[in-house]
Structure formats: structure tokens, C-alpha cells
Amino acid sequence: MAAAPAVLVLLGPTATGKTAVAVDLALRLGGEVISADSRAFFCGLDIVTDKPSDAERRGVPHHLIDCVPIDGSYDAMAFRADVERLVPEIAARRRVPILAGGGTLYLAAVLRGIFEGPGKCEAFRRSLDGVESSELHQRLASVDQAAAAKIHPRDRLRVVRALEVEAASGRPITEWKAEAAPLPFRFETFGLLRDRDEHRAAVEARARAMVERGLVQEVARLRGCGLTPDRQAYRSVGVPEASAYLDGAISRDEMLNEIVRATWALVRRQISWFRAQPAVSWVSAAGRSPADVAGEIAAAWLAGRESA
RNA sequence: GCCGAGGUAGCUCAGCCGGUAGAGCACGGCCCUGAAAAGGCCGGUGUCCCCAGUUCGACUCUGGGCCUCGGCA
């Protein structure tokens, strides 16, 4: 039996330079990039997600970018299935799979695992629409005490999900979760971090650059192609803000401030999530070029291969 | 210069008919298992502009001063 494929994982919060480092790594190691960015799947969200241009990709194949229509949907389970398919394909080409991005649940589905129980059911969710959150939490407590204890009553999203799983399968979500397993690959995970002040400045610069490159025009165009507030892709940092500006609800400066704020909130959530991840080799990206960072990671990766 | 309004948390402000103060936002920490760039939880000592007076006690009342913003000159 052949050894499980080795996967280089590059994670980190937004605006740490993952994209450029991933390309550089791919060139050094002979790799292909699998994007683990939770919004880059969507066609058309180019400026919003800061997708790498053809020039920036420097000939390196990129997977899972532009594979879902703007009014479509995607989820962690689909991502896991895509990664499960792509990694052996890339390994068979004797290339290194580089899983790079900051999508927390998506990475968790691959690295930690995700239970293979019932998926989401729109009809079930709609049936709970008028019910008070506290009432839903009480219902959960009656079928899954452990889940009710762990999920805050106001975290309606999770309460509903737990009820949904129990209703569809007759088993509490707590039991399902215990069965989750990572994909059967050998992961070596590197995380990028920057100094707080520098990171904050990068977020601000990036937001400004996005607006200058035509964020508003991009969102205006997508709104004409099915990007409505009920779509998954709509909930991407920059979209609600640009929409509010287009509708005349806020000024251009307010839009920029809102984008910076939302991006920073995202960064903080990502940092919190990533910090709790086991087996991450943290690499400082503070004040360094992508090539420099990639060099350090490539050396660590190669050393790991020799000892394996 | 005169008249009016105001100076309280990083910002915008609330409040106390006298018992040393609190909201929103910002900022920080955390949770997260099929929406995750989503959703949720937690965290507030600050010369209450300064000085003096009244008082057991003043951020709150009185007097003076300084500063800011309007209006009139």
C-alpha cells in the first residue's frame, strides 16, 4: 500500500500574504495550489476576494477558484470532497499539493474532519422561522443535553443546525460529531502571522486598494447578475458595504471604514481559531518578502520529507 | 467684546433634585463540526476641564478661571 499523499497546508488570517507565499512555494517545490479561501470559489468576486491574477499565479495551477456561480452555494462538505479528489490527482502528477487559505471551517473539515450526517434542509429551517430562539434551545435540550449545554441560546444558527441533524437522523449532533475524522493524508501545516500594528496597516491598505481597483463597480455589475442579499456570496466582506454605498445609504469614506472594520473583525476571528489548532508551525511574515517566507517554509518542508 | 450651548472611557454621548459613573461604537479575549469573509459569548478606574466655596460627603449645587462650538458685534 502506497504511503498517504503529503499535503503542505498554509493557513493564516487575511492579509498576511498567503497567496504570494503559496505561489512561491509551488515554484520551489513543484506544487499546485488548492485554494482554501472561503469566498474565492465564486466567479466574479475577483477584487472582493483579492484573487491572484494570471500574472501573480506565475504559471502555477490553482484549484477551487472560480468554480461556483455567483448566485450558487458551496459548503465545507463539498470542499472536503473536492480536496479528497484533488490531492491524489496532484500527487499522481508527482506534484506537491499546497492547501492555502484562511477559511476556518473549510480547513477544519479537511484537517480535523467533519461528520457525514444529514446536510442542511431548507424546508426544516423555514419551519422554525417564527419560533423564539429560547424555545428552540429548550427543544434542543430535550433531545441533546450536551449540545444544548455547549451552544449559547442566542447562537440560533447552531441551535437550528443541531435540531436539524437530530430531526433528520434521529441521532443527536453530539454523537455525529464524535465520528468526524480528518482526510487520510499526511498534513504538514504552516501558519503565517504578522505583527499586530503592521497587520492592521496592511488591512487598511488592502481595503483602500480594493476600492481603487474598482470594488464598487465589481459589486454593481454582480448585483445585476444575481448577487442578491439572500445569496451566500453576498456575505463577503466588501459586498454589503459597497451595496450600501451604491444605494446611497453611506458615503465612500464610511464604506471604506466599514470594510476595514469588517476585515479586521474577520482577522481576529481567524487568529482566534487558528491559535487553537494543534500542530501548526508558525512563521512570522512581519516585514518579510513572500520569497523569504516561502524559503523558510520550503526548507522546513523538505527537511520533514527526508526524515519521513 | 457680548449672548447662548457645552467640556464625563480612544470616539459620540447619557447620567446623578449631592452618596466617587454608564451606553453605543472602537479595541481586546474566546467559542465554533454541511451558511464560517457566517453566527455567537465575555471584558468599562475614567484627573467626570481646573481652582475655591457650601456640605458628613460634590462629577452633581454656588463662585471664579481656562478651553471648544454656535450667534451677535
Side-chain angles (χ1 to χ4, degrees), chain A residues 11-15 18 35-42 45 47-51 68 72-83 101-122 124-126 133 136-137 144 146-147 149-162 164-165 168-169 172-183 196-197 199-200 203 206-207 210 215 219 229-242 254 257-277:
Chain A
L11 55 75
T14 294
K18 289 186 302 295
S35 169
D37 230 49
S38 57
R39 296 290 136 160
F41 313 113
F42 294 107
L45 287 182
I47 295 171
V48 169
T49 61
D50 207 14
K51 277 178 200 162
V68 180
S73 60
Y74 194 71
D75 62 44
M77 204 62 192
F79 176 74
R80 177 184 161 95
D82 281 332
V83 171
T104 54
L105 181 62
Y106 293 85
L107 286 165
V110 169
L111 300 174
R112 261 196 276 173
I114 190 166
F115 71 90
E116 303 194 24
K120 73 170 172 177
C121 174
E122 293 297 350
F124 179 82
R125 293 180 183 193
R126 271 197 305 277
S133 293
L136 293 178
H137 194 257
D144 188 346
K150 189 160 190 179
I151 304 171
H152 192 278
R154 273 197 283 268
D155 195 350
R156 191 181 176 97
L157 199 78
R158 287 194 172 74
V159 173
V160 169
R161 172 62 184 152
E164 172 180 69
V165 170
S169 67
I173 194 170
T174 303
E175 285 182 24
W176 282 106
K177 285 184 188 176
E179 296 172 5
L183 286 178
R196 228 6 119 94
D197 291 342
H199 199 166
R200 175 74 190 207
V203 165
R206 178 183 141 117
M210 274 165 45
L215 171 80
V219 171
D230 61 322
R231 299 289 89 187
Q232 188 182 354
Y234 191 90
R235 290 191 290 265
S236 307
V237 173
V239 173
E241 294 82 3
E254 285 169 334
N257 288 338
E258 289 300 309
I259 291 173
V260 169
R261 181 165 65 156
T263 305
W264 191 244
L266 164 65
V267 165
R268 297 204 321 114
R269 268 184 274 127
Q270 288 173 311
I271 289 173
S272 178
W273 190 88
F274 291 137
R275 271 201 286 241
Q277 292 316 291

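Lettering follows sequence order; numbering is per chain, from 1.
For the pair Ala262(A) and Ile151(A), both in contact range of RNA chain B, the more 5′-proximal nearest nucleotide belongs to Ile151(A).
For His137(A), there are no ring-ring contact (aromatic ring centres under 6.0 Å, His included) partners two or more places apart in sequence or in a different chain. For Glu254(A), the salt bridge (Lys or Arg N to Asp or Glu O under 4.0 Å) test picks out no residue, with sequence neighbours left out.
Remark: Gln232(A), Arg235(A), Ser236(A), Val237(A) in residues 229-239 of chain A come within less than 4.0 Å of RNA chain B through at least one heavy atom.
Under the 3.5 Å distance criterion, with hydrogens and angles disregarded, no donor-acceptor pair is assigned to the side chains of Arg39(A) and Thr49(A). Side chains of Tyr106(A) and Asp82(A): no donor on one and acceptor on the other come within 3.5 Å.
Screening residues 262-277 of chain A for side chain to side chain donor-acceptor pair (under 3.5 Å), with sequence neighbours left out, gives Thr14(A)-Gln270(A). Among residues at least two apart or in separate chains, there is no salt bridge (Lys or Arg N to Asp or Glu O under 4.0 Å) pair with a member in residues 231-241 of chain A.
Look at A23(B): its Watson-Crick or wobble partner, with both distances under 3.5 angstrom, is U12(B). The partner of A5(B) is U68(B), judged by Watson-Crick or G-U wobble contacts that both fall below 3.5 Å. Base pairing analysis places G39(B) opposite C31(B); the two distances defining the Watson-Crick or G-U wobble pair are each below 3.5 Å.
Residues Tyr234(A) and Phe42(A) keep their aromatic ring centres 6.0 Å or farther apart.
Nucleotides U45(B) and G64(B), compared at atom C1', are 29 Å apart to the nearest Å. Remark: the separation of the P atoms in G22(B) and A35(B) is 41 Å, to the nearest Å. For the P atoms, the distance from G46(B) to G19(B) is 23 Å, rounded to whole Å. If you take atom P in U54(B) and the same atom in A14(B), they sit 31 Å apart, rounded to whole Å. Of the C1' atoms belonging to A9(B) and G4(B), the separation is 28 Å, rounded to the nearest Å.
Applying the 4.0 Å criterion to OP1 and OP2 of G34(B), one finds that Arg161(A) has a side-chain N or O inside that range. For the OP1/OP2 pair of C27(B) and a distance below 4.0 Å, the side-chain nitrogens and oxygens of Arg268(A) include no atom meeting the criterion. In this model, the phosphate group of U33(B) is not approached by any side-chain N or O of Arg80(A) to a distance below 4.0 Å at OP1 or OP2. Residue Trp264(A) has a polar side-chain atom (N or O) positioned under 4.0 Å from OP1 or OP2 of G28(B). For the OP1/OP2 pair of C31(B) and a distance below 4.0 Å, the side-chain nitrogens and oxygens of Lys150(A) include no atom meeting the criterion. Checking the phosphate oxygens (OP1, OP2) of A36(B), a side-chain nitrogen or oxygen of Arg39(A) falls inside 4.0 Å.
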Derivation of the side-chain contact (heavy atoms from CB on, under 4.5 Å) call for Ser236(A) and Leu45(A): CA-CA 9 Å; Ser236(A) 307; Leu45(A) 287 182; 3.7 Å; yes
Restricting to nitrogen or oxygen on both sides, can you table the protein-nucleotides 40-42 of chain B pairs closer than 3.5 Å?
unit_1 : atom_1 : unit_2    : atom_2 : d
C41(B) : OP1    : Arg154(A) : NE     : 2.5

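For Ser272(A), the side-chain atoms get nearest to C32(B) when compared with the rest of U33(B), A35(B), C32(B).
In this structure, CZ in Phe274(A) is found 6.5 Å from OG1 in Thr104(A), a value given to the nearest 0.5 Å.
Ser73(A) comes within 4.0 angstrom of nothing in the nucleic acid, heavy atoms only.
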